[in-house]
Novice: 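The following block contains the structure, expressed as structure tokens.
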Amino acid sequence: MTEKTDNVRVRFAPSPTGALHIGGGHTALFNWLWARHNNGKFILRIEDTDLVRSTKEYEQTIMSGMVWLGLDWDEGPDIGGNYGPYRQSERLDIYRDYAEKLVAEGKAYRDGEAIIFKVEPGQDISFKDIVYGQIDVMSDGLREKDSDKLKDIVIIKSDGMPTYNYAVVVDDHSMKITHVIRGEDHISNTPKQILLYRALGWEVPEFAHLPMILGRDKKKLSKRHGATSIYEYRDMGYMPDSMFNFLALLGWSAGDDKEIFTRPEAAELFELSRVTRKAAVFDFDKLNYINQEHLKALDPMVRLSMVKPFWIEAGLQVDKHSDKYLADSLTLMAGRGRTAKEMAEFSDYFVSFEPVKARWNAEGLDKEKLKPFFKALFESPEWKHEKLEEIARSWVSSQEGAKMKDYAMPLRFALTGMKVSPGIFEVAEHMGREECETRLKYYGLL
RNA sequence: GGUCCCAUCGUCCAGAGGCCUAGGACACAGCCCUUUCAAGGCUGCGACGCGGGUUCGAAUCCCGCUGGGACCGCCA
């Protein structure tokens with residue numbers, strides 16, 4: 001069931017003080033899902049009021065991270081929109097004006113160069129969260145740490161920049177944001193913001209807080225847990241479709257058993273009311289599985305484009321082959337490998353003989369026993385796996401006590417340098433008679 | 001210390017009083033297929049944190065406890 005919402009406008013508002021990390025991507029993703037589900041607008045706003053830590057480079061990195069994940073926005077600093085500017089550092093006059101208004105009305109006061117909002121005791125600043133439900137708070141709860149003194153809220157810093165809690169209110173109001181969707185760590189900021197909305201005489205938007213993402217040790221995800229930036233996952237061989245799928249499943253499910261889905265499918269099914277409240281642990285095993293499933297489902301040429309960079313990274317001469325041959329090689333892999341990187345590693349022998357040589361050794365090989373077998377194989381009128389297997393089977397049955405693996409495994413190892421591969425006769429067919437001959441001769445097996 | 005939030009298999013999700021001797025997925029274990037498994041098929045292991053209520057009946061509602069977490073910056 002779809003909640004009745006019209007003209008949904010949501011935003012992702014990162015501060016450009018680092019790359020797009022898992023938590024940020026998760027938040028952006030849920031905002032995107034809600035916007036797309038409702039045919040609403042997804043807005044990107046840059047919160048760059050921290051002069052010392054914000055950089056344009058990070059702003060770029062965050063945007064390209066979102067593009068990589070497949071999260072497109074409808075309004076933002078790069079493409080503009082009717083409610084700009086979309087960079088807080090370009091909206092200083094707006095913050096200043098409203099702050100002056102609050103001062104004039106006696107709701108805020110100056111201290112030093114800063115402007116500070118007065119918090120009056122005894123106010124009910126409860127709110128209803130779409131995900132967490134009713135949250136009851138009194139203004140008396142806003143105390144200073146280890147003190148019973150009520151804490152006023154700084155809205156303009158001494159350097160003239162607005163603070164987060166103030167700017168977010170001014171911007172969300174002036175950008176006509178209907179749903180504020182953000183991490184659960186913002187629940188305790190919400191009452192302060194509500195105080196500001198009231199003082200300014202503005203309507204309060206809907207709030208939907210999202211569960212946190214934890215590391216394996218159940219602590220908030222951080223550098224200690226290894227990869228935290230979205231790009232690190234790309235570099236490890238995870239695909240955007242899978243990251244999207246995996247992240248969407250952290251704190252949400254459609255309620256049925258469907259766990260592998262595309263962006264449009266997720267957007268169709270997504271409901272804020274179905275978001276979970278419990279913090280979720282980032283589970284690599286599940287990510288691997290989801291990535292593998294997407295890797296399987298990919299169009300062969302698209303799959304090739306995901307895997308190719310990792311072959312190149314390993315120094316293999318990819319351009320010696322046609323894309324058709326390479327893509328077919330991956331199709332033959334039939335789902336082996338969980339990441340694009342793993343798939344590239346598991347299939348390197350299709351690209352080049354070099355890695356095979358590096359792995360190969362003749363330990364325990366009875367060359368004299370093998371030679372006649374390989375010779376028979378190469379007498380096959382057709383280099384087709386059915387024919388090759390047929391020859392192999394009759395050869396094995398003609399030898400006393402011989403088993404298929406006695407011949408198939410040495411062949412596999414000579415051709416691939418691996419003890420694991422797709423059916424070796426299929427591999428041989430795909431590699432081609434010439435290449436197989438080259439490899440076997442190199443080892444003196446033919 | 002204060003305020004707020006959370007609590008179902010190891011992990012991610014189902015479950016919105018009887019459909020639950022709690023379901024699915026990942027992981028793990030075992031079996032099967034077989035020229036190998038990193039592919040495929042099957043089976044198994046495994047949870048409602050504890051204690052009180054409410055009710056004919058509670059994983060689901062209420063209270064307490066315990067255990068986690070977030071926030072309390074002129075960071076966002």
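Chain identifiers are assigned alphabetically (A, B, ...) following the order of the sequence lines, protein sequences preceding nucleic acid strands; residue numbering begins at 1 within each chain. Everything numeric in this text was worked out from a predicted model, so none of it was measured.
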Novice: For the P atoms, the ones on G17(B) and on U43(B), what distance do you get once it is rounded to whole angstrom?
Specialist: 32 Å
Novice: Say you pick atom P in C45(B) and the same atom in G18(B); how far apart are they, in whole Å?
Specialist: 27 Å
Novice: Step by step, work out the ring pair (Phe, Tyr, Trp, His ring centres under 6.0 Å) result for Phe425(A) and Trp383(A).
Specialist: CA-CA 9 Å; Phe425(A) 300 113; Trp383(A) 199 251; 9.5 Å; no
Novice: Take atom CG of Leu221(A) and atom P of A70(B), then tell me their distance rounded to the nearest Å.
Specialist: 12 Å
Novice: Return the pairing partner of G64(B) with a 3.5 Å limit on both distances, Watson-Crick or G-U wobble; otherwise return none.
Specialist: C50(B)
Novice: List the steps, then state whether ring pair (Phe, Tyr, Trp, His ring centres under 6.0 Å) holds for His430(A) with Phe350(A).
Specialist: CA-CA 9 Å; His430(A) 183 58; Phe350(A) 282 117; 5.5 Å; yes
Novice: Tell which nucleotide pairs with C33(B), taking only Watson-Crick or G-U wobble pairs whose two distances are both under 3.5 angstrom.
Specialist: none
Novice: With rounding to the closest Å, how many angstrom separate the C1' atoms on C20(B) and C62(B)?
Specialist: 22 Å
Novice: Could you check Leu250(A) against Ser147(A) and say which one's nearest nucleotide on RNA chain B is further toward the 5' end?
Specialist: Ser147(A)
Novice: As a test of reading the structure: which of C5(B), A76(B), U11(B) is closest to the side chain of Thr163(A), going by heavy atoms?
Specialist: A76(B)
Novice: Should C28(B) form a Watson-Crick or G-U wobble pair with both distances under 3.5 Å, which nucleotide is its partner?
Specialist: G44(B)
Novice: Quote, to the nearest angstrom, the C1' distance that separates G30(B) from A22(B).
Specialist: 25 Å
Novice: So, OP1 or OP2 of C12(B): does either fall under 4.0 Å of a side-chain N or O from Ser253(A)?
Specialist: no
Novice: How would you list, by chain and number, every residue that makes a side chain to side chain donor-acceptor pair (under 3.5 Å) with Lys107(A), sequence neighbours excluded?
Specialist: Glu105(A)
Novice: Does atom CD of Glu113(A) have more than 12 heavy-atom neighbours from other groups under 6.0 Å away?
Specialist: no
Novice: Identify the heavy atoms of Pro211(A) and Val275(A) that sit nearest to each other, and give their distance.
Specialist: CD-CG1, 3.8 Å
Novice: Write down the atom of Asp406(A), the atom of Lys369(A), and the distance for their closest heavy-atom approach.
Specialist: CB-NZ, 4.3 Å
Novice: For Lys357(A), give me all partners under salt bridge (charged side-chain N to carboxylate O under 4.0 Å, His left out), at least two apart in sequence or on another chain.
Specialist: Glu354(A)
Novice: Side chain of Thr276(A) only, please: which of C13(B), C12(B), C74(B) is the nearest?
Specialist: C13(B)
Novice: Return a single string for nucleotides 26-43 of chain B, one symbol per nucleotide in 5' to 3' order, where B is base contact, S is sugar-phosphate-only contact and - is none, cutoff 4.0 angstrom on heavy atoms.
Specialist: SS-------BBBBSS---
Novice: Taking A27(B) as the reference, what is the distance to G73(B) when you measure between their P atoms (whole Å, please)?
Specialist: 44 Å
Novice: Checking base pairs now: Watson-Crick or wobble, both atom distances under 3.5 Å. What partners A70(B)?
Specialist: U3(B)
Novice: Can you tell me how far C1' of C5(B) sits from CG of Asn189(A), to the nearest Å?
Specialist: 14 Å
Novice: Rounding to the closest angstrom, what is the interatomic distance between A38(B) and C31(B) at atom P?
Specialist: 14 Å
Novice: Report yes if at least one side-chain N or O of Lys278(A) is closer than 4.0 Å to OP1 or OP2 of G68(B); otherwise report no.
Specialist: no
Novice: G2(B) phosphate, OP1 or OP2: any side-chain N/O from Lys149(A) under 4.0 angstrom?
Specialist: no
Novice: Would you please test Arg110(A) and Glu100(A) for salt bridge (charged side-chain N to carboxylate O under 4.0 Å, His left out) and show each step?
Specialist: CA-CA 10 Å; Arg110(A) 287 173 197 286; Glu100(A) 292 296 353; 2.7 Å; yes
Novice: Using the P atom as the point on both nucleotides, what is the distance between C42(B) and C33(B), in whole Å?
Specialist: 15 Å
Novice: In whole Å, I'd like the distance from the CZ atom of Arg277(A) to the P atom of C13(B).
Specialist: 12 Å
Novice: Sticking with atom P, work out how far C6(B) lies from G10(B), rounded to a whole angstrom.
Specialist: 22 Å
Novice: For U21(B), which nucleotide in any strand shown is its Watson-Crick or wobble partner with both distances under 3.5 Å?
Specialist: none
Novice: For Asn245(A) and C13(B), give me the distance from atom CG to atom P, rounded to whole Å.
Specialist: 13 Å
